[in-house]
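The structure presented is a predicted model; accordingly, all values stated were derived computationally and were not measured. Every heavy atom of this structure was used, including side-chain atoms; hydrogens, water molecules and symmetry mates were not.
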Amino acid sequence: MTLYAADKLIAQARVLAAEYRRTMGKPLPGISNEIAEYDAVKLLALEAKTEGEGGYNAVDPSRSEKRIQIKSRTIFDESKSGQRLGQLKLEKEWDSVVLVLMDENYEPYEIYEAERDDILEQLEKSSGNRAKRGAMSISRFKIIGRLAWTRENGLEPEVWDNRAG
């Protein structure tokens, strides 16, 4: 599949997912992760990992093949608190997690990255069952992570400075 064909398919998936939610009143299962993986790879210049057993979805060739697990959350109502990140694959091998935040049209507006050690430390501090399963709130992830990309500014230079110029 060519890059153009993939771009076109993802654009159609965004429209379908948004229309499905408006019509059915609930999100189309699994679609946000597929869109987010595509967006993270494209926007952060990562290399998608081929299917397999690993706990990561992409590698960053500019950062020594760093293994990155990609997660997503579509935010339909900014005023609702308690949004949660999906379960992390704690038992698998990965170096960091990238969280793609999308709007109601499944368009990315922010991407955050948190390192494995910071995530594990945060989960150890939490005593709840969700933490034991590798789940945390979006707000907590944003606190321990760093902003990597925004719709307004693109790549944030402090994180991805090796890509500037």
Interatomic spacing from [atom1] in [X] to [atom2] in [Y] - rounded to 0.5 Å:
X    : Y    : atom1 : atom2 : value
R151 : L43  : CZ    : CG    : 11.0 Å
L120 : K125 : CG    : NZ    : 12.5 Å
I68  : L44  : CD1   : CG    : 7.0 Å
I138 : R84  : CD1   : CZ    : 9.0 Å

salt_bridge([X], [Y]) N-O dist < 4.0 Å:
X   : Y    : value
R67 : D60  : no
D95 : K66  : no
R63 : E113 : yes

Closest non-hydrogen atom pair, [X] against [Y]:
X    : Y    : value
A36  : M102 : CB-CE, 4.3 Å
K89  : W94  : O-NE1, 2.7 Å
W149 : L155 : CD1-N, 3.5 Å
N57  : I70  : OD1-N, 2.6 Å
A40  : L46  : O-CD1, 3.8 Å

Side-chain donor/acceptor pairs under 3.5 Å, residues 104-112, sequence neighbours excluded:
{"unit_1": "Y109", "atom_1": "OH", "unit_2": "E78", "atom_2": "OE2", "d": "3.3"}
{"unit_1": "E110", "atom_1": "OE1", "unit_2": "Y112", "atom_2": "OH", "d": "3.1"}

Practice prompt. Find out whether D103 and I75 are in side-chain contact, i.e. whether some heavy atom of one side chain is under 4.5 Å from a heavy atom of the other.
Written response: no
Practice prompt. Please examine the side chains of T74 and F76, heavy atoms only from C-beta on, and report whether any two atoms are closer than 4.5 Å.
Written response: yes
Worksheet entry | Test side-chain contact (heavy atoms from CB on, under 4.5 Å) applied to D118 - qualifying residues, sequence neighbours left out | E115
Worksheet item: Does N33 have any side-chain contact (heavy atoms from CB on, under 4.5 Å) partners at least two apart in sequence or in another chain, and if so, which?
Response: S72
Discussion item. Checking the side chain of Q69 only, and the main-chain atoms of G55 only, is there a donor and an acceptor separated by less than 3.5 Å?
Written reply: yes
Discussion item. Per the salt bridge (Lys or Arg N to Asp or Glu O under 4.0 Å) rule, what does the pair list look like for residues 28-40, sequence neighbours excluded?
Written reply: R14-D39
Acceptor/donor pairs from residues 17-25 side chains to any protein atom, 3.5 angstrom cut, sequence neighbours excluded:
{"unit_1": "E19", "atom_1": "OE1", "unit_2": "R22", "atom_2": "NH2", "d": "3.4"}
{"unit_1": "T23", "atom_1": "OG1", "unit_2": "E19", "atom_2": "O", "d": "2.9"}

Practice prompt. Please determine if K49 forms a cation-pi arrangement with Y56, meaning its NZ or CZ atom is less than 6.0 Å from the six-membered ring centre and no more than 45° off the ring axis.
Written response: yes
Discussion item. Side-chain heavy atoms nearer than 4.5 Å, only ILVMFWY residues, links allowed to pass through others: does that put I10 and V15 together?
Written reply: no
Worksheet item: Does any pair with a residue in residues 136-145 pass side-chain hydrogen bond (donor to acceptor under 3.5 Å, both in side chains), and if so which ones, sequence neighbours excluded?
Response: S137-S139
